[in-house]
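Okay, structure first, notes after.
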Amino acid sequence: HIPAEIPVRVVLIERDLNEILNSQTKMIERRGENVPQTLERRERLKNAYRQNLRSVAEWSRKRPNASLLAVQRMAVLEDPEAQSARINEFLGGALDARAMAEVVDPALHRNRSR
């Protein structure tokens, strides 16, 4: 809903779809709710997420004042300094990339892909 004449920069953190689904399943289970675990359901959710990512990329290509930087979440966990520097450069270079890197906590990566 941002007017097209206003420049926007979007940082999209991409995460492995299986990890997202595993994380959501555990969260729902902790709330005491039942989670349907069918392969068909997982594939539908993956397809919907992939379509959403394609829509974001298409939106950024069509919008003249939009820039999109896709960053892999795993890359941030493995090398926060390099990814923070990359994000900082994309956003104009005025951020504290060191402070950004210091708050990355790999211990929070609990729901790894199998």
Side-chain angles (χ1 to χ4, degrees):
H1 301 288
I2 298 171
E5 65 273 5
I6 296 176
V8 292
R9 294 180 191 174
V10 177
V11 177
L12 176 66
I13 306 295
E14 295 180 318
R15 183 176 179 186
D16 179 276
L17 295 173
N18 288 315
E19 290 181 358
I20 293 170
L21 293 172
N22 292 342
S23 178
Q24 289 178 344
T25 298
K26 289 180 181 182
M27 178 183 63
I28 292 168
E29 288 171 345
R30 277 194 300 272
R31 292 192 314 224
E33 298 174 25
N34 189 16
V35 181
Q37 290 296 320
T38 66
L39 184 58
E40 180 182 337
R41 178 182 177 274
R42 286 181 75 93
E43 287 307 311
R44 276 196 325 268
L45 289 170
K46 285 182 188 181
N47 288 335
Y49 185 72
R50 285 184 194 110
Q51 179 56 44
N52 192 5
L53 291 176
R54 284 190 295 270
S55 295
V56 169
E58 183 179 334
W59 168 85
S60 72
R61 283 191 301 271
K62 289 181 176 179
R63 188 178 168 127
N65 288 330
S67 300
L68 174 68
L69 175 66
V71 178
Q72 294 297 318
R73 180 176 182 267
M74 187 56 69
V76 173
L77 293 171
E78 291 174 350
D79 192 353
E81 292 83 11
Q83 296 306 313
S84 296
R86 187 172 163 232
I87 293 167
N88 182 38
E89 180 180 334
F90 174 72
L91 295 175
L95 302 174
D96 186 343
R98 179 181 296 150
M100 291 165 55
E102 288 175 356
V103 298
V104 174
D105 185 356
L108 296 176
H109 185 215
R110 298 177 295 263
N111 298 301
R112 302 181 196 295
S113 273
R114 309 238 187 280

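Basis for what follows: all heavy atoms, side chains included, without hydrogens, waters or symmetry-related copies. Heads up: numbering here begins at 1 and tracks the sequence.
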Tell me, with the steps shown, if S55 and Q51 meet side chain to side chain contact (heavy atoms under 4.5 Å, CB included). CA-CA 6 Å; S55 295; Q51 179 56 44; 3.4 Å; yes

Closer than 4.0 angstrom, basic N to acidic O: yes or no for E58 and R61?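 A salt bridge is absent here (no side-chain N lies under 4.0 Å from a carboxylate O).
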
Quick one: list whatever passes side chain to side chain contact (heavy atoms under 4.5 Å, CB included) with R44, sequence neighbours left out.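 Applying side chain to side chain contact (heavy atoms under 4.5 Å, CB included) to R44 gives E40, R41.
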
Decide if atom CD of E89 counts as having more than 12 heavy atoms of other residues, nucleotides or ligands within a radius under 6.0 Å.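 No, because the 6.0 Å sphere around CD of E89 holds 12 heavy atoms or fewer from other groups.
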
Over all atoms of both residues, closest heavy-atom pair of [X] and [Y]:
X	Y	value
N88	A94	OD1-N, 3.4 Å
R63	I2	NH1-O, 3.0 Å
F90	V10	CE2-O, 3.6 Å

Spatial distance of atom CG (N65) from atom CD1 (I6) [nearest 0.5 Å]: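 Answer rounded to 0.5 Å: 9.0 Å.
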
Side-chain touch K46/L21, heavy atoms, less than 4.5 angstrom: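 When only atoms from C-beta onward are counted, L21 and K46 do touch, with a gap below 4.5 Å.
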
Not counting sequence neighbours, which residues clear side-chain hydrogen bond (donor to acceptor under 3.5 Å, both in side chains) with R50? List them please.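 Counting only residues at least two positions away or on another chain, R50 forms a side-chain hydrogen bond (donor to acceptor under 3.5 Å, both in side chains) with N47.
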
Please list every donor-acceptor pair under 3.5 Å in which a side-chain atom of residues 80-87 meets a protein atom from a residue at least two apart or in another chain.
residue	atom	partner	partner atom	Å
Q83	OE1	R86	NH1	3.0
S84	OG	P80	O	2.8
S84	OG	A101	N	3.2
R86	NH2	A70	O	3.0

Could you see if M27 belongs to whatever hydrophobic cluster contains L45? Use Ile, Leu, Val, Met, Phe, Trp, Tyr and a side-chain cutoff under 4.5 Å.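 Different hydrophobic clusters.
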
